[in-house]
Amino acid sequence: MNYDVIVAGGGSAGIAAAVGARRAGARTLLIERGPCLGGAATLRNVVTYCGLFTREDREQVVFGVAGEVLDGLRELGAVSEPTRFTAVAVVFDPEAVKRVADDLCDAAGVDVLLHSHLLDASRVDDRVRTVRVADHAGVHEYSADVFVDATGEADLAQHAGAEVRYGNDGWVQNGTLGVRFGGIAANAEVSRDAVREAVRAAKVRGLPGLTAESGLIARMPVSGDLITYLADEGYDARDAADTSRAERSARRQAAAYLRVIRTLPGCADAYIVSTGPELGTRESRHLVGRVQLTEKDVLSPAPADDAVAIGAWPIEYHPGVGVPSEWRFIGEPGYYGIPLGVLWSRNTLNLFCAGRTVDGDRGAGASLRAMGTAFATGHAAGVAAALSARGAVSAAAVREELQRQGARLPD
């Protein structure tokens with residue numbers, strides 16, 4: 001029951017952290033509350049990997065575990081080419097992500113616990129010592145030398161008494177329910193502009209239950225289904241009652257958007273394949289790091305020669321339900337570096353974080369949260385955790401090991 005590294009959360013960040021830690025020689029446990037790995041990619045209908053490519057020239061800048069996931073999806077014919085929406089992303093089939101994630105963790109030798117809910121953590125002085133996890137057999141305790149929080153809500157950090165904050169400066173981005181529609185004719189042209197005009201017309205007619213007029217709209221590989229991000233909700237992701245209310249409301253919105261989609265040419269037979277099943281939460285708790293990444297760091301990137309991860313998704317901030325998202329774009333060279341201190345707890349020596357839990361201000365956090373960037377911060381956090389379990393850790397040592405694992409960090 002004792003490990004070198006324990007990673008909490010099995011999304012993009014957690015997968016990369018666990019694989020990176022294990023390949024760096026650490027005996028690693030990955031704990032996930034759901035029935036599969038993938039996080040938002042498989043449990044929330046967020047089927048776009050954003051942040052792997054630069055916006056202007058579609059150059060891939062995030063590699064390592066992220067690159068291996070892309071390669072696995074390509075082998076299955078389950079991912080699109082890099083596509084320019086407002087910025088560049090790839091669209092994928094979520095069932096294929098489950099298979100690829102399983103294979104990566106198995107090949108690396110990561111111990112994986114699914115259906116395991118993190119209940120609590122213990123702390124001695126400035127270190128996390130154990131986590132308590134519940135499954136259908138009861139409550140179990142696991143210990144480790146170093147921990148990585150990739151839970152999205154920073155649950156591990158919160159339970160362990162690490163410094164956390166909710167949102168930024170009193171602001172928390174709204175969430176959106178991913179809704180997948182089938183029954184769309186193969187030759188139907190369903191664009192974001194067409195959907196926007198149809199939603200506006202429906203509102204004029206008095207159709208209730210519609211919030212956003214525009215969001216990412218894409219065709220999925222394999223199925224040809226239409227994925228949409230329109231059903232906005234504001235809620236506190238830490239609060240089960242509030243999230244439950246928002247989930248029910250968002251599903252009612254999905255039914256209203258179905259009526260809109262059916263008015264488009266080639267979409268009269270549309271139906272809902274799936275909603276979520278969980279809301280796509282963009283922001284919750286942040287771990288307070290030794291360094292905070294700022295909006296300026298994103299918009300005016302400094303040389304990335306000491307960075308342990310790369311971010312390439314613009315600032316995409318969702319300020320409120322039905323309010324258009326705010327975009328600000330990365331300056332030359334189209335990506336920015338993420339220092340080790342952004343991933344490392346300020347008051348807890350053996351705790352790292354990854355994904356949307358990392359320490360960015362209001363603007364930077366709206367870029368760091370993307371799943372492509374989560375792969376990068378996860379890979380770095382996992383390697384840092386493995387090296388920390390053996391002794392002192394430095395950004396230079398983390399970079400060296402990441403390069404050995406194929407991260408291709410810029411000099």
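By the 4.5 Å heavy-atom criterion applied to side chains, Pro35 and Leu43 are counted as neighbours. Counting only heavy atoms from C-beta outward, the side chains of Trp344 and Val393 approach each other to under 4.5 Å. Taking 4.5 Å as the limit, every side-chain heavy atom of Tyr3 sits out of range of all side-chain heavy atoms of Thr28. Within the 4.5 Å cutoff, no side-chain heavy atoms of Val179 are placed close to those of Tyr257. Phe375 has its side chain out of reach of Glu68: every pair of non-hydrogen atoms, C-beta onward, lies at least 4.5 Å apart. You'll find the side chain of Val62 stays beyond 4.5 Å of the side chain of Tyr49, heavy atoms only. Side-chain contact between Phe352 and Leu340: present, with at least one pair of heavy atoms (C-beta onward) separated by less than 4.5 Å. Looking at Val91 and Pro221, their side chains come closer than 4.5 Å, going by heavy atoms from C-beta outward.
Salt bridge present: Asp155 and Arg285 bring a charged side-chain N and a carboxylate O closer than 4.0 Å. A salt bridge between Arg369 and Glu316 is present, with a side-chain N of the basic residue lying under 4.0 Å from a carboxylate O of the acidic one. Ion pairing between a basic and an acidic side chain is recognised when a charged N comes within 4.0 Å of a carboxylate O; Asp359 and Arg165 show such pairing.
A side-chain donor from one of Ser143 and Asn2 sits under 3.5 Å from a side-chain acceptor of the other. Judged purely by distance below 3.5 Å, without hydrogens or angles, the side chains of Thr48 and Tyr229 never pair a donor atom with an acceptor atom. Using modelled atom types and a 3.5 Å distance limit, the side chains of Asp232 and Thr176 yield a donor-acceptor pair. Judged purely by distance below 3.5 Å, without hydrogens or angles, the side chains of Asp149 and Gln158 never pair a donor atom with an acceptor atom. No donor-acceptor contact under 3.5 angstrom links the side chains of Ser367 and Arg328, judged on distance only.
With rounding to the nearest 0.5 Å, the separation of CD1 in Ile217 from OG in Ser191 is 9.0 Å. Tyr142 contributes atom OH, which lies 8.5 Å from atom CD1 of Ile6 (distance to the nearest 0.5 angstrom). Rounding to the nearest 0.5 Å gives a distance of 7.5 Å between CG of Leu73 and CZ of Phe92. Atom CG of Leu216 sits about 9.0 Å away from atom CD1 of Ile227, to the nearest 0.5 Å. Atom CG of Leu226 is separated from atom CG of Leu264 by 9.0 Å, given to the nearest 0.5 angstrom. The structure places CZ of Arg55 at 4.0 Å from CZ of Arg84, a figure rounded to the nearest 0.5 Å.
Leu279 and Ala246 make their closest contact through CD1-CB, 3.6 Å (heavy atoms, listed as atom of the first residue, atom of the second, distance). Across all their heavy atoms, Ser345 and Ala162 have their closest contact at OG-CB, 4.1 Å. Of all heavy-atom pairs spanning Glu153 and Ala237, the tightest one is OE2-CB, 3.6 Å. Contact record, Ala78 with Ala96: CB-CB, 3.4 Å, taken as the closest heavy-atom pair. The heavy-atom pair separating Val260 from Ala198 by the smallest distance is CG1-CB, 3.6 Å. Nearest heavy atom pair, residue Gly11 against residue Glu32, reads N-OE1, 4.3 Å.
Cation-pi geometry between Arg192 and Phe85 is not met: the NZ or CZ atom fails to fall both under 6.0 Å from the ring centre and inside 45° of the normal.
Judged by distance alone, the side chain of Ser116 and the main-chain N or O of Asp135 form no donor-acceptor pair under 3.5 Å. Put simply, the side chain of Ser244 gets close to the backbone of Ala240: a donor and an acceptor are under 3.5 Å apart. In this structure, Arg44 contributes its side chain and Gly280 its backbone to no donor-acceptor pair below 3.5 Å. In terms of modelled atom types and a separation under 3.5 Å, the side chain of His379 and the main chain of Ala17 share no donor-acceptor contact. A donor-acceptor contact shorter than 3.5 Å links the side chain of Arg219 to the backbone of Gly224. Side-chain N or O atoms of Gln173 include one that pairs as donor or acceptor with a backbone N or O of His318 at under 3.5 Å. Although no hydrogens or angles enter the test, the distance criterion places a donor-acceptor pair under 3.5 Å between the side chain of Arg262 and the main chain of Ala270. In this structure, Thr228 contributes its side chain and Leu230 its backbone to no donor-acceptor pair below 3.5 Å. Within the 3.5 Å criterion, the main-chain N or O of Gly109 finds a donor-acceptor partner in the side chain of Arg22. Using a distance-only test at 3.5 Å, with no hydrogens or angles considered, no donor-acceptor pair links the side chain of Glu283 to the main chain of Arg356.
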Task: side chain to side chain contact (heavy atoms under 4.5 Å, CB included) assessment of Val146 paired with Leu387 - done: CA-CA 9 Å; Val146 188; Leu387 298 183; over 6 Å; no
- [ ] Might you work through the side chain to side chain contact (heavy atoms under 4.5 Å, CB included) test for Asn45 and Thr275, ending with a clear yes or no?
- [x] CA-CA 7 Å; Asn45 251 334; Thr275 59; 5.6 Å; no
Open item on the list: Could you walk me through whether Tyr336 and Val61 satisfy the side chain to side chain contact (heavy atoms under 4.5 Å, CB included) test, starting with their C-alpha distance in whole Å, then the side-chain angles of each, then the deciding distance to 0.1 Å, before giving a yes or no?
Closed with: CA-CA 10 Å; Tyr336 58 88; Val61 290; over 6 Å; no
Open item on the list: Quick one, Glu401 with Arg23, criterion salt bridge (charged side-chain N to carboxylate O under 4.0 Å, His left out). Give me CA distance, side-chain angles, the key distance, then yes/no.
Closed with: CA-CA 9 Å; Glu401 176 60 23; Arg23 288 177 177 170; over 6 Å; no
Task: Residues Leu177, Gln253; criterion side chain to side chain contact (heavy atoms under 4.5 Å, CB included); working and verdict - done: CA-CA 9 Å; Leu177 183 70; Gln253 286 193 58; over 6 Å; no
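More than 12 heavy atoms of other residues, nucleotides or ligands lie within 6.0 Å of CZ in Arg127, so this atom counts as buried by the packing criterion. Within a 6.0 Å sphere centred on CG of Asp106, heavy atoms belonging to other residues, nucleotides or ligands number more than 12. Counted within 6.0 Å of CG on Asp125, heavy atoms from surrounding residues, nucleotides or ligands total 12 or fewer; the atom is thus considered open. Atom CZ of Arg99 has 12 or fewer neighbouring heavy atoms from other residues, nucleotides or ligands inside a 6.0 Å radius. Under a cut-off of 6.0 angstrom, the local environment of CD in Glu400 is sparse, with at most 12 non-hydrogen atoms contributed by other residues, nucleotides or ligands. Counting non-hydrogen atoms of other residues, nucleotides and ligands closer than 6.0 Å to CG of Asp305 gives a total above 12. Counting non-hydrogen atoms of neighbouring residues, nucleotides and ligands closer than 6.0 angstrom, the CZ atom of Arg290 exceeds 12 such neighbours.
Applying the side chain to side chain donor-acceptor pair (under 3.5 Å) rule to pairs touching residues 33-42 yields Arg33-Glu278, sequence neighbours excluded. Sequence neighbours left out, not one pair with a member in residues 161-194 passes ring pair (Phe, Tyr, Trp, His ring centres under 6.0 Å).
For the side-chain hydrogen bond (donor to acceptor under 3.5 Å, both in side chains) with Tyr235, the lone residue among Thr281, Asp242, Asn174 that qualifies is Thr281.
In this structure, Trp327 and Phe329 have parallel ring planes: the angle between them is below the 30° cut-off, well short of the 60° mark.
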